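These notes concern the structure reproduced below.
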Amino acid sequence: MRKRTLKRSLTGFWWFTLAFLYLPLAVVVLFSFNASNSAATFTGISLRWYGRLMGNEEILSAFANSMILAITSSVIALGIGCLIGYGMYRHRHRKLGWLIVLIYLPIVLPDIVFGISEMAFFVQIHRLTGLLQPGLVTMIIAHVTFQIPFVALIVYSRFVGLDPTLFEAAKDLYATPTKRVVHFMLPTIKPALISAFFLSFTLSVDDFVISFFTAGPESATLPIYIWGAIKKGVSPEINAIATLMIGAVALAAIISLVFSRRRQA
């Protein structure tokens, strides 16, 4: 009897937690289809706010900036993070505790501290050399710096899960270093690479603080645009933008999860 009561209590707590997490998102999605320009009263279903998004040049520009930023930074972070992850695996028997700390530091560092430090760095570089004026380039560099640790740790965990004798077997079969990379390493860690890419993409699209401190006047992303527009009040148009972002991030997270599970299998 006690076990049954405990099970029901845990089940109820589980559903309460899910409702606490996702009901606010459901409200945003619901009011994005509101027929009236109200954030408090739902009067009917309409798609006109999504239609207005397609004709809003500021939103389209912010969306384009978000996609350029997310895709470019994710690709760069994937290349650098993959090399770091493999290097950590190759030299895992050495005393590299300090390197692990440096890898983890951008993950645990508060976003606002990271963003301010990036902004101060870019300002000094621009003052001394005239380079790195705030804009998409500085935002890409800033995003790459906090995406690399996630990619490196995912790739490293994949290498650690492999049988070390597989590398020796590839050498015994007279595979050159290039062939070992192309025909053995890359196919083996492909699920980890795809998972790392979509995780980096999700983090980039979702980021606001670091983007805010490193953006220029013509490089506003969707989170920055929403932050500026919400000062005038929450409108169904803002809810529509948020709904599209929720869908995009959820899709990327699901794809990352699928490949992560395939990697574990």
Side-chain angles (χ1 to χ4, degrees), residues 17-18 20-29 31-32 50 53 58-78 80-81 103-119 134-154 192-216 219-231 234 237-260:
T17 303
L18 287 180
F20 181 79
L21 291 174
Y22 290 102
L23 275 180
L25 298 180
V27 171
V28 170
V29 174
F31 275 86
S32 69
Y50 290 92
L53 289 182
E58 292 185 6
I59 294 178
L60 295 179
S61 176
F63 174 78
N65 289 335
S66 293
M67 291 299 101
I68 294 172
L69 174 61
I71 295 174
T72 305
S73 62
S74 298
V75 170
I76 297 174
L78 185 65
I80 300 175
I103 294 296
Y104 272 104
L105 188 59
I107 297 177
V108 300
L109 197 66
D111 284 350
I112 190 168
V113 176
F114 197 87
I116 292 174
S117 62
E118 291 280 352
M119 178 188 67
L136 269 179
V137 175
T138 56
M139 296 173 73
I140 290 173
I141 295 174
H143 279 225
V144 168
T145 54
F146 77 77
Q147 290 170 337
I148 286 176
F150 292 95
V151 177
L153 293 175
I154 292 175
L193 295 178
I194 297 176
S195 178
F197 174 82
F198 280 105
L199 177 60
S200 300
F201 180 86
T202 302
L203 292 171
S204 179
V205 172
D206 183 60
D207 178 75
F208 166 75
V209 177
I210 296 175
S211 299
F212 177 78
F213 282 104
T214 57
S219 58
T221 58
L222 275 179
I224 296 176
Y225 175 84
I226 293 174
W227 179 81
I230 206 172
K231 294 179 180 179
V234 180
E237 191 173 358
I238 299 299
N239 291 332
I241 301 173
T243 300
L244 294 178
M245 291 186 65
I246 291 171
V249 172
L251 179 62
I254 290 172
I255 295 175
S256 176
L257 179 61
V258 169
F259 281 101
S260 178

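These numbers were taken from a predicted model, which means no experiment stands behind them. Along the sequence shown, residues are numbered consecutively beginning with 1.
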For residues [X] and [Y], determine if any side-chain heavy atom of one lies less than 4.5 Å from a side-chain heavy atom of the other.
X    : Y    : result
F197 : V151 : no
M67  : F201 : yes
E58  : Y225 : yes

Separation of [Y] [atom2] from [X] [atom1] (nearest 0.5 Å):
X    : Y    : atom1 : atom2 : value
F213 : F208 : CZ    : CZ    : 8.0 Å
T221 : L136 : OG1   : CG    : 9.0 Å
I148 : L78  : CD1   : CG    : 10.5 Å
I140 : T214 : CD1   : OG1   : 10.0 Å
F146 : S204 : CZ    : OG    : 5.5 Å
L60  : N65  : CG    : CG    : 11.0 Å

Could you tell me whether a side-chain N or O of S200 sits under 3.5 Å from a main-chain N or O of S74, the two making a donor and an acceptor?
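Not at all, since once roles are kept as given, no pair shorter than 3.5 Å links the two residues.
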
Test item: S73 side-chain N/O and A70 main-chain N/O as donor-acceptor pair under 3.5 Å
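Indeed, once roles are kept as given, a pair shorter than 3.5 Å links the two residues.
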
Worksheet item: Quick one: side-chain hydrogen bond (donor to acceptor under 3.5 Å, both in side chains) partners of S219, sequence neighbours excluded?
Response: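 For S219, no residue satisfies side-chain hydrogen bond (donor to acceptor under 3.5 Å, both in side chains) once neighbours in sequence are set aside.
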
Results of ring pair (Phe, Tyr, Trp, His ring centres under 6.0 Å) for Y22 - residues two or more places apart only =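 Residues passing ring pair (Phe, Tyr, Trp, His ring centres under 6.0 Å) with Y22: none at all.
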
Nearest heavy atoms of A220 and I224, plus distance in Å:
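Taking every non-hydrogen atom into account, CB-CG2, 4.1 Å.
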
S211 and H143: side chain donor to acceptor below 3.5 Å:
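Yes.
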
